[in-house]
Each structure stands twice: as C-alpha cells, then as structure tokens.
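Just so we're on the same page: letters track the sequence lines, and every chain starts at 1.
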Amino acid sequence: MSAAGLALAGVSAAYRGTEVLHDVDLDVARGELLVVLGPSGAGKSTVLRVVAGLEPVTAGRVLIAGRDVTALRPGRRDVSMVFQSYALFPHLTVAENIAFGLEVRDVPRTAARERARAAAETVGCAELLGRRPGQLSGGERQRVALARALVREPAVFLLDEPLSNLDQALRVEMRTELRALHDRLGATMVHVTHDQTEALVLADRIAVLRDGRVEQVGTPDEIWRRPASVFVARFVGSPAMNLLPAGALTPAGDAPPLPATGRQLGFRPEAVTLTDPASDGDGGPAVTDRVEVVGEDAYAYLTLPGGHPVVARVPAARRPAPGSAVRVTVRWSDVHVFDAASGQRVDPA
Amino acid sequence: MSAAGLALAGVSAAYRGTEVLHDVDLDVARGELLVVLGPSGAGKSTVLRVVAGLEPVTAGRVLIAGRDVTALRPGRRDVSMVFQSYALFPHLTVAENIAFGLEVRDVPRTAARERARAAAETVGCAELLGRRPGQLSGGERQRVALARALVREPAVFLLDEPLSNLDQALRVEMRTELRALHDRLGATMVHVTHDQTEALVLADRIAVLRDGRVEQVGTPDEIWRRPASVFVARFVGSPAMNLLPAGALTPAGDAPPLPATGRQLGFRPEAVTLTDPASDGDGGPAVTDRVEVVGEDAYAYLTLPGGHPVVARVPAARRPAPGSAVRVTVRWSDVHVFDAASGQRVDPA
Amino acid sequence: MRGRGRGPAPLPEGALRVWHTLGAAFVLLVFVPPLVLLVSGSLTQPGLPPAPTPQLVPDPLATVGYEQAVALGGLLRASLNSVLVAVVAVPLSVLVASLAGFAMARLAPRTTGTVVAASLVALMVPATALLVPRFAIFRVLGLTDTLVPLVAPALVGTSPLYVLVYYLAFRALPAELYDACLVEDLSPVRTWWRMALPMVRPVTAGLTALTFVLTWSNFLDPLVYVYDRDLFTLPLALRSLSVLDPTNFPVFLAGAVVATVPALVVFVLAQRRFLHTPDRNGR
Amino acid sequence: GSGSSDGGPVRLLVFGAPEELAAYRTLITAYEKARPGSRVQLVEASDRKDLLARLATSVAGGAPPDLFLMNYRFYGQFAAKGVIEPLDDRIAGSQELDRADYYPVAMDAFTWNGKQLCLPQNVSSLAVYYNRTLFAKYGVPEPKAGWTWNDMVQTATMMTRAANGAVIKGTESEGAALRPVVHGLGVEPSIIRLAPFVWSAGGEIVDDPAKPTRLTLDGPAAREALKNLVDLRQAYGVTPTDEEVEAEDDESRFANGRLAMLMTSRRATTNFRTVTGFEWDVAPLPVYRQPVGVLHSDAYCMPTGAKNKAAAWRFLEFAIAEEGQRIIAATGRTVPSHVEVANSTAFLDPTQPPRNAKVFLDAIPTVRALPTVSTWPEIEDVSYGILENAMFRGDRLDDVIRQLDTETRPIFARGEQG
Amino acid sequence: MTPDTRSRRQLRLMLAPYLVGLVGLVLLPAAVTLVLAFTEYDLLRAPRFVGWDNVTELVGDPVFRVSLLNSLVFALVAVPLRLLLALGLALLLHRRGPAVGSARTAAVLPTAVPEIAYGLLWLWLLNPLYGPINQVLRLGGENGLTVLGRTPPQWLTDPTDARAAIILMSLFTIGETFVVLLAARRALPADVYEMAAIEDATGWDVFRRITLPLMTPVLALLLIRDAIGSLQFSFVPAFVVTDGGPPPYATTYLSLFVYRNAFEYLRYGYASAATLVMILLTVAAVVLQWRLIRRYRGFYGV
Ligand SMILES: Nc1ncnc2c1ncn2[C@@H]1O[C@H](COP(=O)(O)OP(=O)(O)OP(=O)(O)O)[C@@H](O)[C@H]1O
Ligand SMILES: Nc1ncnc2c1ncn2[C@@H]1O[C@H](COP(=O)(O)OP(=O)(O)OP(=O)(O)O)[C@@H](O)[C@H]1O
Ligand SMILES: [Mg+2]
Ligand SMILES: [Mg+2]
C-alpha cells in the first residue's frame, strides 16, 4: 500500500454518550477511492464527519496525508465534503454556492467564478448557476452540492451519498465523471453509497460498516467473491445471497464433505441454475413461489423441500411460471461456507 | 382499466412563470401503483405536488377517485405524501411525527400512537420512536417520513423517492413491504424513483417523464421491451441501450432489410454476445476498451470499426481483457428500430 | 428540512470553549455591575450622607429602604395590580402577535405587505401622540380608571415589532413543513398551533419576556388612564418614590429592586427555555 | 343628604412627595368621618409635570377630576382657557366660608378677570432656613430680622468651611480636594428666588404685573440683584457648584448638616422636621431697601367639566375652612391661608421646629405675587436654564439679561392674562 | 401556493385582532393627533384650525432645532452602537458553554429593569460626586481626579458628557435586540455552518457571507425599529435623569420637546406638528435604510 492518504486508527465516536463508532481502523492509500457501504444507521456519515472534524472522536486518531489531524479544526484538514443533506447556502445562488470555498480562500473572484462554472458543467447544472437552492429539484440540489465539493482540490474528498437523488442515467454518467476526476487528480476519496453497482464499479476498495464496526475491507472482487461474513455476503448483492444450513442442499461439483451442523452455505442467485424437473441430473427439487422480472433478468423465488427459500437469477425469457416445480443446481465453486454460530467465513482447509 | 384512482388531464404547471409541466395526461387506476421515472429536473416532484394540491395548475384538471379536485385544498384531497426532503417536524419526536396526521384528524391519542408504532415497525424504525429528527441518520429520517405517509389510509399515496437514502438490502425489503401494503390496501400509489430495479419490480405501470412531458406510459415490460422512443430506451436500463445508425452493424437472425439512413438500431448490452474473433460465425469485429465488473456480471465497453461504441454484458468469469479484439453478435429479435430524426420507435411493418 | 446533529465544533472544542467562556465572562463583567450596585444601593441606610468612596457591600447593611419603599409607595398593592395586568396582557399580547405574524407569513404578499407597512408606520408613532386620542376612546367606552387601558396594548402585540418578528420567524420555516401540514388538512389555526408555534418556541420565550417587561414597566399609560390609587401599577408607585430627595436613594432603589425582581424572574425562566429547548438543529 | 349627589366619589387631583400625599389622605379621612357617606378619592400624581399631563388629558378627554390643587404660578394656563369654575356664587352662598377669613394676597392671586377661580389652602413665602448647630459650632452670629444682602453674603462666607473647619472660598477649590464640606448658602437660580430681591432693590420683574409683555431684568436695580445672586457662586463661592448640586440637592445637603443656610419656602419644613442631628430655625429674607417677600400659594380649583360639582364643593369648603386647614397645617406642610388658623398653635406649634415660624406670618404683609400669565410655566423653564448657566458657568451678565428678554418675549406674547 | 378561501378566511380572522388594535389604538389616534398638528389646540378648548402656522413656527424655534439635532446625533451614534453590540453578544452567546447561560441572562437584565427604575438607578450611578461610576474612575487618583489626572466626566452638568451618559445608558438596554437576534441566530441551519467550517472560512467570512445575509431580514427590521425608537427616544432617561439639561437643552430630545409642549405647556397642536415632523423624518430615515438594505440584499439576494 502506498503512502497513507487517510487513516483512522482505533476511532470511536459518540452522540451524547451513545457510541456509534467503535474502534474503527481504516487505511486509505493516497489516491485511493474507498467506498463505505453499510446499512442505514451503521455510522457511515459519522465516519465522514469524524474525518472532516465535525464530530470529535472519543478515542483514536485521524491522520490525513500522514499528519495527525485529530485535534485540528475542520478547515485545517484540507478535505471537501458533500453532505447527505446537501447543506447548500440558501441565500447564495448556485454559482456563489459552488465558488464559496474558493472565495473564502481568496481565489480572485473571476477565477473562482470560472472554476465554479467548470465544476457546474461537470455535474451538468451549468444552466442553473443563477438560481437559488430553493428553486431547484432534489437531484439538482445534489449536483450543486457535488460541484461545490469538486471545485477544490483537497487532500481528501468526502462524499456522502452524492448521487442518491440522481436518475440512473445521470448517475452512471456522474459515476464515470467521478472516477475520471479521481484518476486525473490522484485524489484520495471516501465515498458513501448504498448503490451496490456504484460501489462495485467505482471503488478501489470497499469498507463494509455494521453497527459502527468495520466488518470487512477489500477490493470489490474480494467483497463479492470472498465475503468475510454472512453479513457482508448478504448485504452485498441483490437479491441477497441465499443462505442454507449445510445439508439442506448438495451442491454439484467436487464438494468436500462438510460437517452437517455448524456450517452454513451461501450462494448467490446467479450461482443457481434451474432445470426442468423432468430432466435428469443432480440438484434438488424446488417449487417456484413468485418471479420478479427486471429487464432481461428475472428472479425466481423458490422453496426447497425443507422450507428453505432460495432465489435464482434466470434469463427473463426462460423464467419458470409461479407455482411450477423446478430442479435446482448450485455450482460448488460458487458456494461460500460460513460458521453458523459466528457467521464468519470458513475457508475449506 | 378500472375506475380512475387518479387522473391528470392536460395539466400544466409553472414556477414563477416558467412552465415545468406541459400538458400532462396521466391515468392511474384505482389500486394501481404507478412509478414515475425521469431525469433529474424532469418535473416528477412537481407532478406529485400538483396532485397533492401544493402547486396550482396553470391548465388542466386533477381528478382523484373520479372527483375533480383541481380547486380543492390539499387537505381535502385525501392524499398522503413522502417529501423528497422528508419535511419532518424537527420539534416532534419520531413517534409524534408519525402520529401527527392521525392526531390532527382526532384519532384518539393512544390509538394514534399504536398505529404510529405499527407503521414504524413496518419501516424498521421502531427503536427510534423517542428521538428527534435531528438525531437520526439520513436513511432513518427517510424511513420516518415513509412511516408518516403509510400510517394513514388515503385515496392516493404520493411517494417522492421514498427509498433513495436506504441501503440496498433495506431497500429491497421496503420495496416488498410497499408492494405488500399496496396490495393489502388496494391503494392508489404514485411513486417517484430513479432506481430502475425498484421501478421495474414495483410498478404496475411506469410513466416516463422528460422535460415536463410524458414520454411513455406502460407496464414495466412494455417500457423495457417496447420503448416508445430513443429517450425511454436509453433512460431505462443500465448501462444504457446501445444505439447505432442502421448499417453500422448487421444483426444476426432474420432481419428485414432496413433503409440505410434515417433509422437507428437500439439493443441492450444483454442482447450482445461476444465470441472469439478466431471462431467463425457472423457478427462484426470490435475492440474492447475497458471492462467493468459488477459481481457476477461484467460490462465490456467496445468500439466498432466505424468508431461506434457498444456495451455488452458478459459473465464476469468470461470477460474479455481490455484491448483484446472480439466478435460482436446481436440477436435481431432484441433489436429496436427508431427513427433517427424524431427518435420515435418504428415498428417493422 | 436540513440540519442535523448536535452543534459541531468548527474549532477544536477546547479553544472554542475558552473563547466563549471568556466572552461570557466579559459580558458578565459589563452587565452585572449596574444591577449589583442597584441591590447594594438599595441595602444602604437611607438618610445618611452619601459615602465618599465606592461601597459594594454597604455599611451598615439595612433593609430600611425596603420597609420605607413598601410603606411610602404602596408597593404591595401596586405589585398586585401589575401582576394582574401582566397576567392578562402578556398571554393575550403573545397570542395576538403570533396569530397575526403567522397570518402574515401565510397570506398573499400583497396583504402582508400592507400590514407590514402599517406596522412600520405604527412603530413610528411616538407614544405621546397617542395618549390624548386614546383617552377619549377609553372614556367613550367607559374604561378609564380601570385596568383595561393598561391591557389594551396587547391588541397590537404590545409593540408591532413583535408581530413583525413573529412574521419573519414563521416565514423562515421550511416551506415543506407547511406543505406537509396542508397535506394533513390542517387548518391555518391548527397549523399555527401544532407546527409553527412549537417550532418558534425560542422566539415565543423571548418575546414573552420582552412583552412582560414592556407591560410591567409601562409608565405613561397608567399615569394618564388610572386615577385610583388602588389601581396604581408599580411604575407609578416608583414614580412617586422618585420625588424623594437624593439621600433617600436607598428607598427608591429598593423600590426599583422590588419592581425589577419579577421581570428578572420572567427573564430567567424564558432564558431557560432558550437554553434547554434544543433549537432547530437539535442544539 | 350629605352624600355625593352623582354617586361617584369626589376625585381630587394632587401631587407631592409621599409624606405630602399622606397629609392629604389624613385630611380626606377626617372629612369622610365628619361627613359620613361622602367619599373623596385622591388622585395622586408624583410631581407637577405628572399632574399637568393627567389634568390636560382628562380635560381633553372629557373626564376631568372634580378638584385639583395647583400653584398660582401655573394655574394661569387653565384659568385663561376657561376650564376652571368660578367659585364666587358658591362662596357667597356658603355657611362656612367667609372671604375675610383669608389672607387677601392669596385670594387675589387666584382671582382671574375679577372672578375667584380657586380657593388657596396656603400662603407661604421664602425664608432662610439655617443650621443653628453649625452656627454655634463656628461661632458665627445667627441671621436676624432686618439683615441685608451683604450681611447674608458675609455670613455665608464665614460659614463656608473646609474639612478642617477653616473658612475657605469655594471658588478656589474647583475640582480640587479642598471642596468645602460646609457651604454657606443654598439658593437656586430661578426667577422666583430672584424676584423678592429685585423688588426689594426697587426693581421689577416684568414690565406690567397685570399685563406683562417682557422680563425687565435690565433695569439697574434688577440687574444689581441678579449680579449679586450670580456672585454668590461666581465671586464668593458660598453656594455649591452645579456638580455638587446635581450630586446632592440643597435640601438634602441642608438636611445632612452640610449647608449652613438654605433659602426656600415652607414646603421644606415637613422634610426637615425629620432631621435629628442638629437644630435648625428660619430667618426672614435679607433686604436691600425694603422687605419684600414672594408669594407661594396652592389652591383648590374645580374644573368646569367636573361631574360632581356639588360634592366637590362640600369637600372644598371643609378643606379650606378652619378644621381642614388645621389638619393640613399640623403636618407642617402649609402656612394656612386662613388667618386665624395661621395664628393659632396649629401652625405656630412651639413643640415643633422651626421655633421662629412666625417669620412666615410676618412676611405675609410684604409678599408680592408673580404674574399669572398663562404661559408663565414656560417662561420659568426658559429663564431657569439661562439663570443656571449664569450662576454656574458664569455667562456674561449682559448676555444673560438680553437672552432672558429675547427668549421670553415671544412666550409672553402668546400668553393670556386675566 | 395561495391558500384557499376557507384558509384565507381563517387567516384573516387570525389577523383581525391585531388589525383592530393597530387601527383602533395606533393608526386612528395617530391620525387624530396629526390632524391636530394644523390646529391650535390646548387640550382645554376646542381646536382652532391654523394651517401651516405650527410648522412655520417650528422651523423658527431654536429649541426645536436643538432637540432635532440632539435626536439625530443620538440616533447616529447610539443606533449603530446598540445594534453592533447586540449582534456581537448574540453571536458570542448563541451556543452553550460554561457561563454562557448566565451571560445571556446578564445581557438582558438591564432591559428587565422597568424604565423608571432604570432611570433612577442611573441617576444614582451617574451622580458626579457620589455615584459609583465616578467613584470608580477616581480610584487611584488624587484630589478628586482620575488616575490620569483629569477631572472625571461631569455626567449631569457638562453638555457633552450628559449626552454621552444618555448614550451609555441606552447601550445597556439592548436586551430586546439581543433576544431577537439570539433567537434568529439559533434558528439558522447547522449544516451550513459545518460546510463553512470545512471550507475553512474564517470567522469573518462566515459572518460576512453566511450569518449576516441570513440574518439580514431580522437585522433590517431591528435597525429600522431602533432608528425609529431613538428618534422618538423614549424620553424617560432624559425625563428622569437629566430633565433635558444641562442647560439650556443639551439632552432635550424631540420626544421630550413634544411631551413638554403637549402636556406641560398645553400646546398640543404645536407638539403634534413636531410629532408630524418627527414622523416624516422617521419615514425618510426608514425609506433611506430600506433602500440601502435593498441594495445590500440585491447583492446577497436574501
Ligand atoms: N421552487 C421552484 N422555483 C423555480 N423552479 C423550480 C422550483 N422547484 C423546481 N423547479 C424547477 O422545476 C423543474 C422540475 O422540478 P422537479 O422538482 O419537479 O424535478 P424532479 O423531476 O423532481 O427532479 P429530481 O429528480 O431532481 O428531484 C426543475 O427544472 C427545477 O429546477
Ligand atoms: N445527532 C445525533 N444524535 C444522536 N444520534 C445520532 C445523531 N446522528 C446520528 N445518530 C445515530 O448514529 C448512528 C449512525 O448515524 P449515521 O448518520 O452515521 O448513519 P449512516 O450510516 O450515515 O446512515 P444512513 O445511511 O441512514 O445515512 C445512527 O444510529 C443514528 O441514529
Ligand atoms: Mg448517512
Ligand atoms: Mg424531485
């Protein structure tokens, strides 16, 4: 890992005595883009606020570019931030909002306005420059907030769900822009999102947060292919990974023998293949409960004989009819094994 | 279509003289769930505000349950609404916020609190009942706003991006809850979202809005399979549908002859098959620019000889390496034909 | 709605606290001495020649001033009347002001503009210009020599300024909150009562305190409208103490203390509202 | 019956310090006891300005009090405007009142266009209060009847003392540590204090006492009297400086034993009777050529708009007649206008200071009244400012006199007189 | 969104008591008084119409001119000082902290003292020889002088010092302004300030670019109110403490001039004319300020 762009060492934080971050360790390399994922209320925003210096830590240290900034005031930490609530200045126009950070840093007015316009163009709100936040739609506000963060070149960008109110198309576009910007500036970025695709596509690494603790940090590939726990496994991926007690289903392929108890098997809907119950081959029987069609894909919600639910992704064109019986096959190579008690991953020895 | 739950007839609306809705016609059947899709700033929120009576129409009529409510005040329209910005009352606790609509309707206090608790449980924020909005995370606030809307049983629910700040897992859960609630109550719902999956899974029908005009209304299947225009085609689906001038690529299958000019061909990344350029078969040659991996899937960004970009979805395991040459095949049955000038769909005669 | 969380610390907590505490201490140093002197002065023995050097704790300490003030000025009866007036006038005034301010924030700009202009004009009219015509009005209504004329200013919110302050406060609430109330079919009155008024609680607390003080220290009105000594309010009683000769300053300072204490209590209570209700941002 | 005819109580508007108001309450209690069923409501103002504001608004508003008490110097503005009910008929019809019982100088002061508008309760004049204990301490002879202005200046000079008891001159000590601890004399620079000396020196205050049009302080006698008054501060430094006056007014300075002599009216007696630390007495005013006093007198007046005139008159009769006058005189506040009461022990009470109370009575034959032109209050205010500056700031005498003339002339012109 | 008919009716009803009060107790009486400005009216006899005579006389009246000047000077000095002081205090004390609560209470305490009592208090405080203020000033000095060897201020006898004293008195009664500003400041959204903190905006920048513009409406209102208030400066201090002196008219403000003429000299018509002039002046001042604020608001666009 290259020089630390940002590091949290044993950071805890609390709101009025209730601890919401517990001993969080995070290292973000200089120029890395870290995506923070986690359920609502997990403490994602709090992590960003701690980094920005908006919340004091109750324990631990925050380092930016190798410098201990724990005691530094926000303005001295050289970060820029998109707030989940946007935090636009209601009395300033879009242009003034974007240029604010520059103007208070004594960038000459015209230069500031020029850069503001450029940033606004990046996020596609150049035609709104003269409006006030109150006159913008939700997505427009969010874009202004993003432009305001992007107009500067700080050591660390903190983006709290910066694309949540954008439509898919725009989001894909902005995502690409963000990535390009990141690569161009070589900036360290921490990006909170709940959009999996965004996380998987954008991130150099992903940190999964749960109840104020870091559950796993890894590349998107690691997170996807080697989730460290049941929580990560089920949290990433939609519909969530299927989870069965070992024994409920025998995967196909050269599966090692598993103790029947104390283990859980996880496999994604994509790892499930449905075949005609009439056809032969291995795989267990199942009944289709309902089917969701999402464009080209369809998700079949099945029930195994033991009453265990399983979701399978199938091409929309070849989806089973609800109520129909199918045969379920799961490739062993796509199966994850977890300890039933701790939920931790168990790698076949 | 059953009795109208909600109808907009030729509705226009304006903010300070700037018209943002132009002659919008929409019919939502009683008990139907309509999802409104559209780019940021298209006027989605405005549609909801017009229905709720928060913005006056400059032309046209709004009917709820067959009753002309155009001149009625919001409270008399029997709607409940989730605001994009939540609009929680900061001085009230979560419980009071949720029960607000009931208590002001003189539901006895205990009954109101009971129903509020139930609604809070539905959205999974029962443990927050005693907090104030200022002490909640973004997603928690959104859930409270949702609970506040769901606690009543109005003629029409208006939900403005009610799930945008939730994580994927919770969102899937809430989506299911919403659908179940909708089915149980038989309520008419208008739901604004920019999450395609949400739209496709949840909607009875989808209305695509563009610059204040209705571009297409149809079932998710229709929207997906028979987009009425280039705009709809590209807006729905991610990555967006590929679009090539007719002639740039010859689809496989029994394609009818097309005029070489004046037409555009659209096909989704899922309709593209990549084969080894060495293998034979039809399909044109292409070069892989970059590859995005999203879990089990990967998106390959290709360039055709004419310089036209094409995106293909391939299994992550079999993705081509960036820079490598591939052969591209598109099934004719998955190709959409549009008029190049108007962008309108052209169905093969 | 925006804003979250508790007050952030744009400066590291420590430095910030020091600054604020220093500032607060400075304020205390400047504003408290006059009142301490008021109290210490009131505890001086009346009738003695003035001390040539400053005395924070008077020597001898005497409460004679209070006894004389109460006896000479009829302070007890006057206090009772003042309380009576305040108990009626202050809530009424706050009610009128907040209702009017709310209505102005919600009515069409043109109506509001007219009322704002009229209120500003009303602010410009000196109190002395109103005494005589008002007297005539009250006489026609048969209200002179009652406490009603002292309550009457409540109808203008005691000062049109307070109506305007309410107006600005209500106007500053996020539009979505009003929208949410509209969707819930709240009538304006109920929107005012259930949403708007609780949202501006600090304003109400502050204005209540100010209204109380204005009502409490109203001097011209009782001077002109009240004849009966039994209807005298505290300022009038104080006024009669003010003609005592200067060596009796402990007596009128004692009167001043008596007249000030209730106002102080109200202020401290209101201040508690300020301090202990979290503001819009949960601080 | 003797109850009030219109039901409501008689409303009597007065002003005064708390002790004075207590005196009026005593009077009212006595009246209500003497005439069961009658009720009088005291409407209290704290000072003259308050009283005027009340009176004016209530008259304008159409609900004036039934009676008010007012000094002759200030009643002119009401008299001229016809809002005071003439009392001649009632006096004539009264069993209890006889004009002849009263000092004519007081009665005349309240006569407007030949009509008796108000009935005076007191007739006072200026006197010199002096601190006998101090005089004894420094061995200076006490003032005595017939003393001259120069005697007074000399006495005052002798009585102006530093902390160590040495005679000092107040002018040298401006701003320095050696402020006199005892000043020789206290006198305020106002027309009403100046007037008796102008008259005594043979001058006039106004050109025509009946129909004044200007102040005539430019006459040689008036000028001399004025100069001498100013010199008390400017040349001899026997009176306190303005700063000292603001810090502690003359009356308290006297009551605190740090002023040897104070020139003021009977009004101060109530206050001084509470003094315990020293003995005091009064002496007549010093004279230039002939002894002249200046009238101080307050009277009960009845507004024409009063609702309760009959009842008000009954109270007025009581207050002005012997019994009422005795009650008020006993409080020390007044020199009774009723000749008999004035000469009785009710006033000349030997058990109460001042022993020399007769000084006030002796002065009565020599007192003169100031003009009662309706704008007189304004004239007094304007001239007071100018005189204050003359006395304390030492403005040039010629300027002062010119200023007094030019600034008051238009006010005289506006005035109306009876 | 304009409210519907029922709401409008209700809103009007809510406004009604205030309007009744405004018209019945203020505007109508004020109109009566202003009409009387063109009459000779002594409160005792019926008014007599005299046209512009009163105004003409005012123009030539040196006392009026002095009062006017006094009022203007007072307004020009005291209004900005008071507003700045109150704003400073509000910003200093808007967040919690040790001693902050007490400091807030302390800052409003002087306002809580009834006017008359306040006047009496200062009369004593300002006493040139025995008043605590001068006693403190004289500490360490000799011969009744201050440490610097100067005579302490002659609060009640020197015209300039007396004017300063009145202004000083007025600086302590900023409770009302302070309370309103404090409430306004506490209503501002916190996240906006967090944003500014991240941008490392200096205290000055935050003040100039965020706090000030966001508080402009309230500040404007208070400024106008204070300007109005000081022109007709509640006359109690001048009335109780200096009685318009030191001579001749060092602290005779318009309000005192009006009061004296109306109620001591019974020249109500004349006083009304002065009131009229006073109101016209105030209107002019308000319009001027309004314009300045408008320009400023145009700049910040509140
Ligand atoms: N109060 C307003 N004043 C002026 N223009 C407004 C106002 N509110 C919205 N607009 C404009 O109206 C258009 C439609 O706004 P609307 O809020 O309906 O968009 P939307 O479809 O909800 O967008 P988003 O997905 O970003 O929330 C936008 O161009 C927006 O800028
Ligand atoms: N001001 C506050 N006071 C008390 N608790 C708070 C406050 N702000 C947040 N919390 C709590 O702290 C926890 C973490 O909050 P945080 O905002 O970091 O969540 P998050 O991960 O950003 O969630 P979301 O995705 O919903 O925005 C939550 O349980 C929340 O309820
Ligand atoms: Mg968050
Ligand atoms: Mg929207």
**Request:** Can you tell which part of D:A60 gets under 4.5 Å to a heavy atom of chain C, answering side chain, backbone, both or neither?
**Result:** side chain
**Item:** Residues D:R253, D:E244: salt bridge by 4.0 Å N-O rule
**Value:** no
**Message:** Side chains of D:Y129 and D:T269: any donor to acceptor distance under 3.5 Å?
**Reply:** yes
**Request:** Output yes when D:E32 and D:R39 qualify as a salt bridge under the 4.0 Å nitrogen-oxygen rule, no when they do not.
**Result:** no
**Message:** Let's test your reading of the structure: which of D:A22, D:A56, D:S58 forms the most heavy-atom pairs below 4.5 Å with chain C?
**Reply:** D:S58
**Asked** Tell me, side chain or backbone of D:T274 under 4.5 Å from chain C's heavy atoms, or both, or neither?
**Response** neither
**Message:** Would C:R134 pass as a cation-pi partner of C:Y225, given that its NZ or CZ must be under 6.0 Å from the six-membered ring centre and within 45 degrees of the axis?
**Reply:** no
**Request:** Count the heavy-atom pairs under 4.5 Å between each of D:A45, D:G62, D:A53, D:G16 and chain C, then report the option with the highest count.
**Result:** D:G62
**Engaged part of D:E44 at the chain C interface, taking heavy atoms whose separation is under 4.5 Å** = both
**Largest heavy-atom contact set with chain C, pairs under 4.5 Å, which of D:D50, D:L42, D:V275** = D:D50
**Asked** Is it the side chain or the backbone of C:V140 that comes within 4.5 Å of chain D heavy atoms, both, or neither?
**Response** neither
**Request:** Using non-hydrogen atoms and a 4.5 Å limit, figure out which bit of C:L236 sits close to chain D: side chain, backbone, both or neither.
**Result:** side chain
**Asked** ring pair (Phe, Tyr, Trp, His ring centres under 6.0 Å) with C:Y66: which residues, sequence neighbours excluded?
**Response** none
**Prompt:** Are D:R333 and D:D298 ion-paired here, with the side-chain N under 4.0 Å from a carboxylate O?
**Reply:** yes
